[in-house]
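Naming convention: chains lettered A, B, ... in sequence-line order (proteins, then strands); numbering from 1 in each chain.
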There are 2 protein chains.
Amino acid sequence: MPKVPPVLLDQQLCFSIYSASKKFNHFYQSALAPFSLTYPQYIAMLVLWEDAPLTVHQLGERLELDSGTLTPLLKRLEKQGWVSRVRSQTDERQVLIHLTEMATAKREEVYSRIGQCQTLLGMSDEEIDETMAELATVKSQLDNVSRQRLITKNIDN
Amino acid sequence: MPKVPPVLLDQQLCFSIYSASKKFNHFYQSALAPFSLTYPQYIAMLVLWEDAPLTVHQLGERLELDSGTLTPLLKRLEKQGWVSRVRSQTDERQVLIHLTEMATAKREEVYSRIGQCQTLLGMSDEEIDETMAELATVKSQLDNVSRQRLITKNIDN
DNA sequence: AACAATTTAATTGTATACAATATTCTGAAA
DNA sequence: TTTCAGAATATTGTATACAATTAAATTGTT
């Protein structure tokens, strides 16, 4: 009985990405340890520093996370003094996430830490751009597939 | 007071990778739904199909996961009939993960599903190889940084 | 105005991740 | 052979992720 050739883990693009993601996560987590920020908390802060205040929904669109993840994450950020969560007056369904004074005060310090991380990583801007371009291709292909399957599903039903 | 230029989330390599990883995860999770395998369960099965039986430790080295993640994951795989967990006779610290008959029987079916996924993704082998090469660079840089910081830490203490 | 459909957050339940600790076992040194 | 350092796995605690549901508020339509 001939053995089927195995699907090798190390040849799977998905595993390359999964593994790199975990390593990056770990790298930033330890770099940001002085601020007690986890990686997802850090990217939430990045978006808020870009453009606060934002509703939970708007933040979720940028981060590609839903309220199931964000609500508890934001409560933790609030407890640690980075943000305040305020029900909108004009639309009481919405919760606006504001930066605290501490968050504004620490912005540059965190930015500088990120700069150090990028230096430590030691990749040229060109290399980084190229890698991000490749990943953009992967993501757009994955989005296509989801859309295809959605259409198929609609036709099927 | 001049505003510091923001660190833009969308220009962060880490976020590209993080986001791609989640999309891939989701893609495989739905592709493998007929088998009730999550993505981490699937990659564990891939390694076991390559080379079972393996100890928890050996599996963890391949997947870059520790017993804190693997023990409960493997218990779930066992409950669903994919693997059996057997204390080693020669070294009672070790637990050997064996494939069940069901796992062996379903191997080709899962492989074929993976093949379909790769087709759906619609990327050429060259594109995939290139992306994986870029990611290998990123990972080796991240490993270097960790090693550097380890040495620094040892010198510091 | 009345009310169904939609939107927004929060909640619930399941499954990773991983640091830190505990437990058990093995092998080597005294 | 006793002891003890190290190894292998399990457990505990915290923090994501995300599907599915709930609850409250808003909007569109009559």
Side-chain angles (χ1 to χ4, degrees), chain A residues 14-15 18-30 32-33 36-45 53-61 63-80 82-83 85-97 146, chain B residues 14-15 18-30 32-33 36-45 53-61 63-80 82-83 85-97 146:
Chain A
C14 58
F15 185 69
Y18 166 77
S19 164
S21 176
K22 285 197 302 174
K23 277 197 192 348
F24 242 130
N25 202 302
H26 184 266
F27 173 48
Y28 274 105
Q29 206 112 339
S30 49
L32 296 167
S36 298
L37 287 172
T38 66
Y39 178 72
Q41 290 168 5
Y42 154 67
I43 57 175
M45 290 306 298
L54 288 173
T55 67
V56 174
H57 182 75
Q58 290 170 327
L59 190 56
E61 279 192 337
L63 298 174
E64 297 167 35
L65 292 171
D66 68 10
S67 69
T69 303
L70 283 178
T71 296
L73 184 153
L74 291 169
K75 283 181 178 173
R76 284 187 283 270
L77 281 179
E78 186 176 45
K79 189 168 12 171
Q80 296 189 255
W82 293 96
V83 303
R85 298 161 61 247
V86 185
R87 275 283 157 196
S88 164
Q89 294 292 307
T90 49
D91 185 341
E92 293 214 359
R93 289 171 302 182
Q94 301 183 136
V95 169
L96 285 167
I97 311 301
S146 308
Chain B
C14 58
F15 185 69
Y18 167 77
S19 164
S21 176
K22 286 197 303 173
K23 277 196 193 348
F24 241 130
N25 202 301
H26 184 265
F27 174 48
Y28 274 105
Q29 206 112 339
S30 49
L32 296 168
S36 298
L37 287 173
T38 66
Y39 178 70
Q41 288 168 7
Y42 155 65
I43 57 175
M45 289 307 298
L54 289 173
T55 66
V56 173
H57 182 76
Q58 289 170 327
L59 191 55
E61 280 192 336
L63 299 174
E64 297 166 35
L65 292 171
D66 67 10
S67 70
T69 301
L70 283 178
T71 296
L73 184 152
L74 291 169
K75 284 181 177 173
R76 284 186 283 271
L77 281 179
E78 185 176 45
K79 189 167 15 169
Q80 296 189 256
W82 293 97
V83 304
R85 300 161 60 249
V86 185
R87 275 285 156 198
S88 164
Q89 294 292 306
T90 48
D91 183 342
E92 295 214 357
R93 290 171 300 181
Q94 302 182 136
V95 170
L96 285 166
I97 312 300
S146 309

**Prompt:** So, does the side chain of Arg93(A) form a donor-acceptor pair with the base of dT7(C) at under 3.5 Å?
**Reply:** yes
**Item:** Nucleotide nearest Ser67(B) (side chain, heavy atoms from C-beta), chosen from dT9(D), dC18(C), dA9(C)
**Value:** dT9(D)
**Request:** For Glu78(A) and dA10(C), give me the distance from atom CD to atom C1', rounded to whole Å.
**Result:** 14 Å
**Prompt:** Which part of the nucleic acid, if any, lies within reach of Glu64(A) when heavy atoms closer than 4.0 Å are counted: base, sugar-phosphate only, or nothing?
**Reply:** sugar-phosphate
**Message:** In whole Å, I'd like the distance from the CZ atom of Phe24(A) to the C1' atom of dC18(C).
**Reply:** 19 Å
**Asked** Would you say Thr71(B)'s side chain and Gly68(B)'s backbone share a donor-acceptor pair under 3.5 angstrom?
**Response** no
**Message:** We want to know whether Ser19(A) and Glu64(B) form a side-chain donor-acceptor pair, criterion being a heavy-atom distance below 3.5 angstrom.
**Reply:** yes
**Message:** From CD of Gln89(A) over to P of dA25(D), roughly how many Å is that when rounded to an integer?
**Reply:** 13 Å
**Message:** Categorize Leu70(A) for me: base, sugar-phosphate, or nothing, with a 4.0 angstrom heavy-atom threshold over every strand shown.
**Reply:** nothing
**Request:** Could you tell me whether the phosphate oxygens of dA10(C), OP1 or OP2, come under 4.0 Å of any side-chain nitrogen or oxygen in Arg85(A)?
**Result:** yes
**Message:** Would you call the rings of Tyr28(B) and Phe24(B) parallel, tilted or perpendicular, taking 30° and 60° as the class edges?
**Reply:** parallel
**Request:** List the atom of Glu92(B), the atom of Arg87(B), and the distance in Å for their closest heavy-atom pair.
**Result:** O-NH1, 3.0 Å
**Prompt:** For the side chain of Lys22(A), counting heavy atoms from C-beta on, which of dT26(C), dC18(C), dT9(D) is nearest?
**Reply:** dC18(C)
**Message:** From CG of Asn25(B) over to P of dA17(D), roughly how many Å is that when rounded to an integer?
**Reply:** 11 Å
**Prompt:** Within the pair Lys75(A) and dT11(C), is there a side-chain N or O less than 4.0 Å away from OP1 or OP2?
**Reply:** yes
**Asked** Contact class for Gln58(A) (heavy atom, under 4.0 Å): base, sugar-phosphate, or nothing?
**Response** nothing
**Nearest-nucleotide pick for Pro40(A), side chain only, options being dT16(C), dT26(C), dA17(D)** = dA17(D)
**Asked** For the pair made of CG in Leu63(B) and C1' in dT16(C), what is the distance, rounded to whole Å?
**Response** 13 Å
**Asked** When Asp66(A) is tested against each of Leu70(A), Leu63(A), Thr69(A) for side chain to side chain contact (heavy atoms under 4.5 Å, CB included), which residue passes?
**Response** Thr69(A)
**Asked** Is Gln29(B) touching bases, backbone alone, or none of the nucleic acid, heavy atoms closer than 4.0 Å?
**Response** nothing
**Fill in**
Note: for Asp91(A) and Gln80(A) on DNA chain D, the residue whose nearest nucleotide lies more 5' is Gln80(A)
**Spacing between Arg76(A) atom CZ and dA10(C) atom P, to the nearest angstrom** = 13 Å
**Request:** Please determine, for the side chain of Asp66(A), which listed nucleotide (dA19(D), dC18(C), dT16(D)) has the closest atom?
**Result:** dA19(D)
**Message:** Given dA17(C), dA10(D), dA15(D), identify the nucleotide with an atom nearest to the side chain of Thr69(B).
**Reply:** dA17(C)
**Complete:** Of the listed dA15(C), dA17(D), dT16(D), the closest approach to the Leu65(A) side chain comes from dA17(D)
**Asked** Under 30°, 30 to 60°, or over 60°: which ring-plane class applies to Tyr39(B) and Tyr18(A), parallel, tilted or perpendicular?
**Response** perpendicular
**Complete:** Judged by nearest nucleotide, the residue sitting upstream toward the 5' end of DNA chain D, His26(B) or Thr38(A), is Thr38(A)
**Prompt:** Which nucleotide, dT8(C), dT9(D), dT16(D), lies nearest any side-chain atom of Gln94(B)?
**Reply:** dT9(D)
**Request:** Check every strand shown and say whether Thr90(A) touches a base, only sugar-phosphate, or nothing at a heavy-atom separation below 4.0 Å.
**Result:** sugar-phosphate
**Request:** Calculate the interatomic distance between Tyr39(B) atom OH and dA19(D) atom P; express it in whole Å.
**Result:** 17 Å
**Spacing between Leu74(A) atom CG and dA9(C) atom P, to the nearest angstrom** = 10 Å
**Prompt:** Given dA17(D), is OP1 or OP2 found less than 4.0 Å from the side-chain N or O atoms of Tyr18(B)?
**Reply:** yes
